[in-house]
Amino acid sequence: MIHRGKEYRPGFIPEDVYEDYIDIAYGRGEDLRNTLLWKDSYERGFVCPDGYGKWLAFACDGKRHLFLGTFDEEKVFPPEEEDWYDYRERMFAEADRKPSPQAVDILRSLYLDGRNGRPDPRLVRMAKDPACLKWFSDYWDYVRWNEHGNECSLSEVGFEGFADCILDPEPYLEYLLPEGDETDEGKILAEKLKLLHRRYA
């Protein structure tokens, strides 16, 4: 670092330089104890932003004042613990980018995650039924093809949305079998949906 025209490398620094940076860090810095850089041999210390996206770190061992160096944020602060909501949103976004079989597997895993609350026993059966998972995947492939990339996000569907296809199939049968514009793939999906509905009704 450069302070008042003089360059300082990691190591011992004069007390007045240390004190100057305490003033610079006021309101913007962080106690060194709250960082990954803290050592038991230090008596005190702090970090402050360098103005270029990194952090300057300082410590005092009781006798000497130290400049520890310039560090990236991930080297200074522990990662924030991801809560359930943020994890779900990240995984939904990941599912939107994945091929349909992997996307459905992500939704299945999210639904069965213990943090998601108490699951519906029927949906648990579907989550363990290869025929259901295959149908969900094939249906989402069909939706992606039919909507030309304008389909909704899987965060709006969730595993419950796919399960609803089986429990209440009429709207989805109308989607798969549009009057006067039916496709072979839509007909196949519709027949399989009817079979799954009878299994879970």
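Being a predicted model, the structure only gives us computed values, none of them experimental.
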- Item | Pairwise side-chain hydrogen bond (donor to acceptor under 3.5 Å, both in side chains) hits with a residue in residues 110-124, at least two apart | Asp113-Arg115
- Task: Sequence neighbours left out, what pairs pass side-chain hydrogen bond (donor to acceptor under 3.5 Å, both in side chains) with at least one residue falling in residues 178-193?
- Result: Glu191-Lys194
- Item | Minimum side-chain heavy-atom gap Pro10-Leu68 below 4.5 Å | no
- Scan residues 40-64 for pairs that pass salt bridge (Lys or Arg N to Asp or Glu O under 4.0 Å), counting only residues two or more places apart or in two chains. Lys54-Asp72, Asp61-Arg64
- Query: Heavy atoms, side chains only, cut-off 4.5 Å: are Tyr52 and Thr70 in contact?
  - Reply: no
- Query: At their closest point, which heavy atom of Arg144 faces which heavy atom of Ala95, and how far apart are they?
  - Reply: NH2-O, 3.6 Å
- Phe162 vs Leu107 side-chain heavy atoms within contact, under 4.5 Å: yes
Exercise answer: donor-acceptor pairs, residues 125-136 side-chain atoms, under 3.5 Å, sequence neighbours excluded:
unit_1 : atom_1 : unit_2 : atom_2 : d
Asp129 : OD1    : Ala131 : N      : 2.9
Asp129 : OD1    : Arg199 : NH1    : 3.4
Asp129 : OD2    : Arg199 : NH1    : 2.6
Asp129 : OD2    : Tyr200 : OH     : 2.7
Lys134 : NZ     : Asp138 : OD1    : 3.2
Lys134 : NZ     : Asp138 : OD2    : 2.6
Trp135 : NE1    : Leu189 : O      : 2.9

- Message: Under 4.5 Å between side-chain heavy atoms, counting indirect links through other Ile/Leu/Val/Met/Phe/Trp/Tyr residues: same cluster for Val124 and Leu167 or not?
- Response: yes
- For the pair Glu94 and Arg97, find out whether any cationic side-chain nitrogen is under 4.0 Å from an anionic carboxylate oxygen. yes
- Query: Does Val143 belong to the same Ile/Leu/Val/Met/Phe/Trp/Tyr cluster as Tyr172, with side-chain heavy atoms less than 4.5 Å apart forming each link?
  - Reply: yes
- In terms of heavy-atom contacts, Gly45 and Asp31 come closest through O-OD1, 3.7 Å
- Message: Quick check: is Val157 connected to Met91 through a chain of hydrophobic side chains (ILVMFWY, heavy atoms under 4.5 Å apart)?
- Response: yes
Which donor-acceptor pairs under 3.5 Å do side chains of residues 14-27 form with protein atoms, sequence neighbours excluded?
unit_1 : atom_1 : unit_2 : atom_2 : d
Asp20  : OD2    : His3   : NE2    : 2.9
Asp20  : OD2    : Arg4   : NH2    : 3.4

- From CZ (Phe77) to NZ (Lys75), nearest 0.5 Å: 14.5 Å
- Message: Quick check for you: to the nearest 0.5 Å, what is the distance between His65 atom NE2 and Phe58 atom CZ?
- Response: 11.5 Å
- Item | From Ile106 atom CD1 to Phe159 atom CZ, the distance as rounded to the nearest 0.5 Å | 13.5 Å
- Determine whether Phe92 and Leu110 make a side-chain contact, defined as any pair of heavy atoms from C-beta on separated by less than 4.5 Å. yes
- What's the spacing between Leu193 CG and Tyr175 OH if we round to 0.5 Å? 13.5 Å
- Check: Asp96 side chain, Leu154 main-chain N or O, donor-acceptor pair, under 3.5 Å: yes
- Task: Kindly give the cluster partners of Leu36, where membership spreads through any ILVMFWY side chain lying under 4.5 Å from a current member.
- Result: none
- Would Leu32 end up clustered with Ile13 when hydrophobic side chains under 4.5 Å apart are linked, directly or stepwise? no
- Query: Would you call Leu56 and Phe67 a side-chain contact if the rule is heavy atoms closer than 4.5 Å?
  - Reply: yes
- Item | Tyr139 to Cys165 - nearest heavy-atom pair and separation | CE2-SG, 4.1 Å
- Given the rule that I, L, V, M, F, W and Y join up when any side-chain heavy atoms are under 4.5 Å apart, are Leu195 and Tyr142 in one cluster? no
- Query: Is there side-chain contact between Phe71 and Val47, with at least one heavy-atom pair below 4.5 Å?
  - Reply: no
